[in-house]
Number of protein chains: 2
Amino acid sequence: MTNPNDFENFQFKKNDTVSLRQFVYQEIREAIIKGHLEPGARLREVEISKQMNVSRGPIREAIRILEQEGLVISHPYRETVVVDLSEEEVIHLLVPTRRNFELFAAQKAVSVLTGEDFAYLDSIILNMQEASNHDDLDRLSDLDLKFHERIVERCVSPAMFRIWNSISGKLHARFLIQGYSHSSLQTVVEEHREMLQLIRSGDKERIEQHLKTHIK
Amino acid sequence: MTNPNDFENFQFKKNDTVSLRQFVYQEIREAIIKGHLEPGARLREVEISKQMNVSRGPIREAIRILEQEGLVISHPYRETVVVDLSEEEVIHLLVPTRRNFELFAAQKAVSVLTGEDFAYLDSIILNMQEASNHDDLDRLSDLDLKFHERIVERCVSPAMFRIWNSISGKLHARFLIQGYSHSSLQTVVEEHREMLQLIRSGDKERIEQHLKTHIK
DNA sequence: TCAAAACATATTGTTGACAATCTACAATCG
DNA sequence: CGATTGTAGATTGTCAACAATATGTTTTGA
């Protein structure tokens, strides 16, 4: 910083402060998805209000989002609790639906992903490899989510992204609680590596095939 | 009502008064789905507040639900508008996803629907026939929605029902604006009649076939 | 004793006032 | 002029007080 010209390039940090309801929503959602709030756990507005030092307004708005997202259910004038999903619905509804989205997104990805996107996805795969080496299931699961999140977010409208998010969130919560049934973590890493390779190659046919065989 | 015994059977109407946010949510949603609010239309909280004579609190909560549902999009401190969906997403995402749900629901329906449900569905089909005879597209479309709504609601968890609702709502809005592309309204009625018949018969194989051929 | 009514408490639902932010436009300064 | 800075109005975000409702407990009365 001795050269005065360096000041030309100086930039202030972008203000990432979001609305309180966004903050509250993210906090509660993460707690549910990471299993800190288990199915059946009760959410009390005033309790959250005190803990987060936020009035009930934003908290109620966040709860409405979570409810529509299907992570939480409210009983009027009584209580709101974290939902529990049936095995059957997870397998026969959530999984196929999620695959629809990822198939659609992966095919679009061929023409919409930029170099920046690929760099990001590459770095995720590197991290996945490391997580796999350390048998770090939590981290691998988190990276898996981020990988698909990036692709879907870039290839789909905000409205559709919300739906994908609500589906993948529920699946994520489920698998973290139950534990992966994968034969090996290494397989997960490999599958993602192949997927990304296929998108780069632009072969939409093989993308479809790949997604249909690796049902997870 | 001359016979005193008739009073034995008297029942007061169930209090359907729901929360204000529910009311506001339903009103806005219907306006969007029925095309009274077109894509791009702006939703102003104070304006709605005055029109409905409700404070902004419940209105904001309703908007959060609609946003998560994907019917509306909010730009912080700026505005919230009715969303517009791309043709591509409707065809390649919404339609297949909706079919997933209805396939799952129809198969479960075989073992969960009661006589009361069938009576309700029968009556819908009767009304559909009438709407078809009168070329009443709006009404037919409405009945179509109610038909599937009943089946899905009975066969799926509340959390999943919300997702189905958000998908079918968007499709409904879309088709009402664009107009049906069906060759004939009568076909729609017939397809629903057959579907119901198949559920009654309990033949899950043919249910799957039927849904896969009638893609609409 | 026991069923029904009254009450107490906890919690969610609603409201109106105030704060923060965005946009567009006017004022300022080179 | 042209670009930047200030200002005004509209709109959304947040808050704290109050209202309504559900549930469990106590009281009442036959």
Side-chain angles (χ1 to χ4, degrees), chain A residues 7-8 10-29 31-32 37 40-83 158-159 162, chain B residues 12-29 31-32 37 40-83 158-159 162:
Chain A
F7 288 105
E8 299 286 328
F10 177 78
Q11 276 198 49
F12 284 104
K13 258 197 305 191
K14 185 174 165 188
N15 177 8
D16 278 346
T17 308
V18 287
S19 61
L20 287 182
R21 82 156 169 273
Q22 193 71 8
F23 171 73
V24 173
Y25 164 71
Q26 285 168 349
E27 289 292 307
I28 299 178
R29 184 174 197 270
I32 295 174
L37 285 174
R42 189 169 176 187
L43 297 182
R44 258 175 277 254
E45 293 175 10
V46 284
E47 189 181 329
I48 300 171
S49 173
K50 280 172 188 159
Q51 284 183 21
M52 294 192 179
N53 196 30
V54 165
S55 78
R56 284 175 53 222
I59 289 171
R60 287 178 60 80
E61 291 188 38
I63 288 178
R64 293 289 83 77
I65 300 173
L66 290 163
E67 186 176 19
Q68 176 61 29
E69 185 171 351
L71 286 173
V72 131
I73 190 163
S74 289
H75 300 92
Y77 284 110
R78 215 166 328 156
E79 58 175 8
T80 116
V81 296
V82 178
V83 302
R162 274 172 187 278
Chain B
F12 283 106
K13 257 198 303 190
K14 186 174 165 188
N15 178 7
D16 278 346
T17 308
V18 287
S19 60
L20 286 182
R21 83 157 169 272
Q22 193 71 7
F23 171 72
V24 173
Y25 163 71
Q26 286 169 350
E27 289 292 307
I28 299 179
R29 185 173 196 269
I32 295 174
L37 286 173
R42 190 168 175 188
L43 296 182
R44 259 175 276 255
E45 294 175 9
V46 284
E47 189 181 327
I48 300 171
S49 173
K50 280 171 189 160
Q51 284 183 21
M52 295 192 180
N53 195 30
V54 166
S55 78
R56 283 176 54 224
I59 289 170
R60 287 177 60 80
E61 292 187 38
I63 288 178
R64 295 288 82 78
I65 301 174
L66 290 162
E67 186 176 20
Q68 175 61 29
E69 185 170 350
L71 285 174
V72 131
I73 189 162
S74 288
H75 301 93
Y77 284 111
R78 219 167 322 158
E79 58 176 9
T80 116
V81 296
V82 177
V83 303
R162 275 173 185 278

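Order of the sequence lines sets the chain letters (A, B, ...), proteins ahead of strands, with each chain counted from 1.
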Give the rounded distance in Å between these two atoms: [atom1] of [X] and [atom2] of [N].
X       : N      : atom1 : atom2 : result
A/Phe23 : D/dC15 : CZ    : P     : 12 Å
A/Gln22 : D/dT14 : CD    : P     : 10 Å
A/Ile59 : C/dG13 : CD1   : P     : 13 Å
B/Arg21 : C/dT14 : CZ    : P     : 7 Å
A/His75 : C/dA10 : NE2   : C1'   : 17 Å
A/Ile63 : C/dG13 : CD1   : P     : 8 Å
B/Glu67 : D/dT12 : CD    : C1'   : 12 Å
A/Glu79 : D/dT23 : CD    : P     : 9 Å

*Taking the side chain from A/Glu79 and the backbone from A/Arg42, do they hold a donor-acceptor pair closer than 3.5 Å?*
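Between the backbone of A/Arg42 and the side chain of A/Glu79 there is no qualifying donor-acceptor contact (under 3.5 Å).
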*Audit row: A/Tyr25, A/Glu69, side-chain hydrogen bond (donor to acceptor under 3.5 Å, both in side chains) steps and yes/no*: CA-CA 11 Å; A/Tyr25 164 71; A/Glu69 185 171 351; 2.6 Å; yes
[X] and [Y]: which non-hydrogen atoms are nearest, and at how many Å?
X       : Y       : answer
A/Ser49 : A/Val54 : OG-O, 2.6 Å
B/Ile59 : B/Glu45 : CD1-O, 3.9 Å
B/Val83 : B/Gly70 : CG2-O, 3.1 Å
A/Arg21 : A/Ala62 : O-CB, 3.8 Å

*Bend across the helix from C/dT1-D/dA30 to C/dG30-D/dC1, to 10°, with axes taken over 5 pairs at each end?*
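Nearest ten degrees gives 10° for this helix.
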*Close approaches to DNA chain D from residues 40-47 of chain B, in residue order (heavy atom, under 4.0 Å)*: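 B/Arg42, B/Leu43, B/Arg44, B/Glu45 - these, ordered by number, are the residues of the stretch whose heavy atoms sit under 4.0 Å from the strand.
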Side-chain heavy-atom pair [X], [Y] within 4.5 angstrom cut-off:
X       : Y       : result
A/Thr80 : A/Leu66 : no
A/Ile73 : A/Val81 : yes
A/Arg60 : B/Arg60 : no

*Roughly how far, to the nearest 0.5 Å, is the CG atom of B/Leu71 from the CD1 atom of B/Ile65?*
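Here the rounded value is 11.5 Å.
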*Nearest-neighbour nucleotide for the A/Arg78 side chain, C/dT23, D/dG13, D/dT23 considered*: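 Between C/dT23, D/dG13, D/dT23, the one nearest the side chain of A/Arg78 would be D/dT23.
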Tabulate atom names and distances for all N/O pairs under 3.5 angstrom spanning the protein and nucleotides 16-20 of chain D.
none

*Charged N to carboxylate O below 4.0 Å: is that the case for B/Glu61 and B/Arg64?*
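No salt bridge links B/Glu61 with B/Arg64.
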